[in-house]
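The structure appears right after this line, and notes come after that.
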Amino acid sequence: MDIRRIGVVGAGQMGNGIAHVAALAGWPVQVQDVSASALEKARSTIEGNLARQVKKATITAEVAAATVERIGFSTELAAFDGCDLIIEAATENVTLKHKIFEGLSRSFGEHAILATNTSSISITAIAAKTARPDRVIGMHFMNPVPLMALVEIIRGLQTSDETWATVDAAAKKMGKTTVLASKDMPGFIVNRVLMPYINEAVWALYEGIGTAEAIDTGMKLGTNVPMGPLTLADFIGLDTCLAILEVLRDGMGGDSKYRPCPLLTKYVEAGWLGKKAGRGFYNYQG
Ligand code: NAD
C-alpha cells in the first residue's frame with residue numbers, strides 16, 4: 001500500500017518526534033492533539049531539534065525549513081482527511097486509546113492504516129474497537145524518536161500481512177531498524193524487559209539501598225548503559241512507566257513481579273512525572 005500522507009494523534013514527547021521523522025522522510029504530516037498548548041510546544045520542539053541537526057551538519061537549513069513546512073498542527077480530527085497512515089501517540093491509557101480508535105475507525109478506518117505507539121497495551125483489543133482490525137498495528141517508536149534507531153512492530157491477532165509490510169516499509173523509510181514482536185503480549189519485547197528493571201531501581205531507592213545518583217552511576221558504569229534506570233524513567237515519564245507496569249501486572253495475571261513500587265505511584269500522585277514536568281527523580285527546572 002502506498003502511503004502519501006501521515007497523521008499523528010498526540011503532540012507530546014513521542015508525537016512530536018514521530019511527526020519530525022515522518023516529515024523529514026518526505027511525507028506531509030498532520031499532528032492532532034486535544035491541547036492547543038501541546039501543539040504549540042510540539043512545533044517549537046520540532047523546530048529546535050531540526051535546528052540542532054543543521055548545527056551538527058546532518059541536514060541542511062533548506063531541508064529543515066522544508067520539513068517544518070510539511071507539518072500541520074490542529075486540534076481537529078478532521079485534519080486527518082487524506083491520511084493513509086495514522087499513528088496514535090496519546091497518553092498511555094487503555095480507555096482513552098480504545099475511544100480514540102473507535103473515533104478514528106468511524107472517520108478514516110475504511111482507507112487508512114491505524115497504528116498505535118502504545119508501550120504496552122494490547123494491539124488485539126485496540127483493533128477490536130475498529131471496523132477494520134486487519135488494518136491496525138503496533139508501531140512502537142523509542143524516545144527521543146529522531147535519535148533512536150528502533151521501531152518495535154507488534155502484530156495484533158487480526159493484523160494483515162499487507163498492513164505489516166506497509167508499516168515496516170514506512171518505518172524503514174524514516175531511517176529506523178524494525179524488530180517484530182511475534183506475540184501481542186503486555187509490554188511486547190522492549191518494555192517487558194525494561195520496566196521490571198526500572199521498577200527494581202525504584203525499589204532500591206525506596207528501600208534506601210542507594211541514592212538516585214548512586215543507583216544510576218552504579219548501573220551506568222557497572223553495566224555499560226548510556227544512562228541509569230532512574231534517569232531513563234524520568235525521560236520516559238513516570239506516569240507512562242506506572243501505566244506500563246499496571247498493564248504488565250494486570251495482563252500477566254496479577255504477577256507480583258510487575259507490582260509498581262509505591263514510591264513510583266507517590267511521585268506520579270505528586271505530579272513529579274519526570275523531565276517533561278520539570279521534576280522526577282531529578283530536578284530539571286532551569
Ligand atoms: P506525553 O504525556 O508526552 O503526551 C501525550 C499527549 O497526548 C499529550 O500532549 C496529550 O494532550 C495528548 N492527548 C491526550 N488525550 C488525547 C486525545 N484524546 N486526542 C489527542 N491527543 C491526546 O506522552 P508520550 O511520552 O508522548 O507518550 C505517548 C504514547 O507513546 C504513550 O502511549 C506511551 O506509552 C508511548 N511511548 C512513550 C515513550 C516514552 O519514552 N515516553 C516511548 C515509547 C512509546
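Below, all heavy atoms of this structure are taken into account, side chains as well, without hydrogens, waters or symmetry copies. As the structure lists them, so they are numbered: ligands from 1, and atoms in each ligand from 1.
Ser120 and Asn191 are not linked by any side-chain donor-acceptor pair at a separation below 3.5 angstrom, with hydrogens and angles left out of the test. Gln32 and Thr75 share no donor-acceptor pair across their side chains, judged by distance under 3.5 Å alone.
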Donor-acceptor pairs under 3.5 angstrom involving side-chain atoms of residues 9-31: please list them, not counting sequence neighbours.
unit_1 : atom_1 : unit_2 : atom_2 : d
Gln13  : NE2    : Ile236 : O      : 3.1
Asn16  : ND2    : Gly12  : O      : 2.9
His20  : NE2    : Gln53  : OE1    : 2.7
Trp27  : NE1    : Ile3   : O      : 2.9
Gln30  : NE2    : Gly72  : O      : 3.3

One pair per line, please: each N/O atom of ligand 1 matched with every protein N/O atom under 3.5 Å away, atom names first, then the distance to 0.1 Å.
unit_1   : atom_1 : unit_2 : atom_2 : d
ligand 1 : 2 (O)  : Lys276 : NZ     : 3.0
ligand 1 : 3 (O)  : Gln13  : N      : 3.0
ligand 1 : 9 (O)  : Asp33  : OD2    : 2.7
ligand 1 : 11 (O) : Asp33  : OD1    : 2.7
ligand 1 : 11 (O) : Asp33  : OD2    : 3.4
ligand 1 : 25 (O) : Gln13  : NE2    : 3.1
ligand 1 : 26 (O) : Gln13  : N      : 3.2
ligand 1 : 26 (O) : Met14  : N      : 2.8
ligand 1 : 30 (O) : Asn117 : ND2    : 2.9
ligand 1 : 32 (O) : Ala90  : O      : 3.2
ligand 1 : 32 (O) : Glu92  : OE1    : 2.5
ligand 1 : 32 (O) : Lys97  : NZ     : 2.8
ligand 1 : 34 (O) : Glu92  : OE1    : 2.8
ligand 1 : 34 (O) : Ser119 : OG     : 2.6
ligand 1 : 36 (N) : Ser119 : OG     : 3.2
ligand 1 : 40 (O) : Asn143 : ND2    : 3.2
ligand 1 : 41 (N) : Gln13  : NE2    : 3.4
ligand 1 : 41 (N) : Ile236 : O      : 2.7

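Checked against side chain to side chain donor-acceptor pair (under 3.5 Å), Asp161 has the following partners two or more places apart in sequence or in another chain: Arg155. Residues that satisfy the salt bridge (Lys or Arg N to Asp or Glu O under 4.0 Å) test with Glu110, not counting sequence neighbours, are Arg132.
A cation-pi contact, defined as under 6.0 Å to the ring centre and within 45° of the axis, links Lys275 to Phe235.
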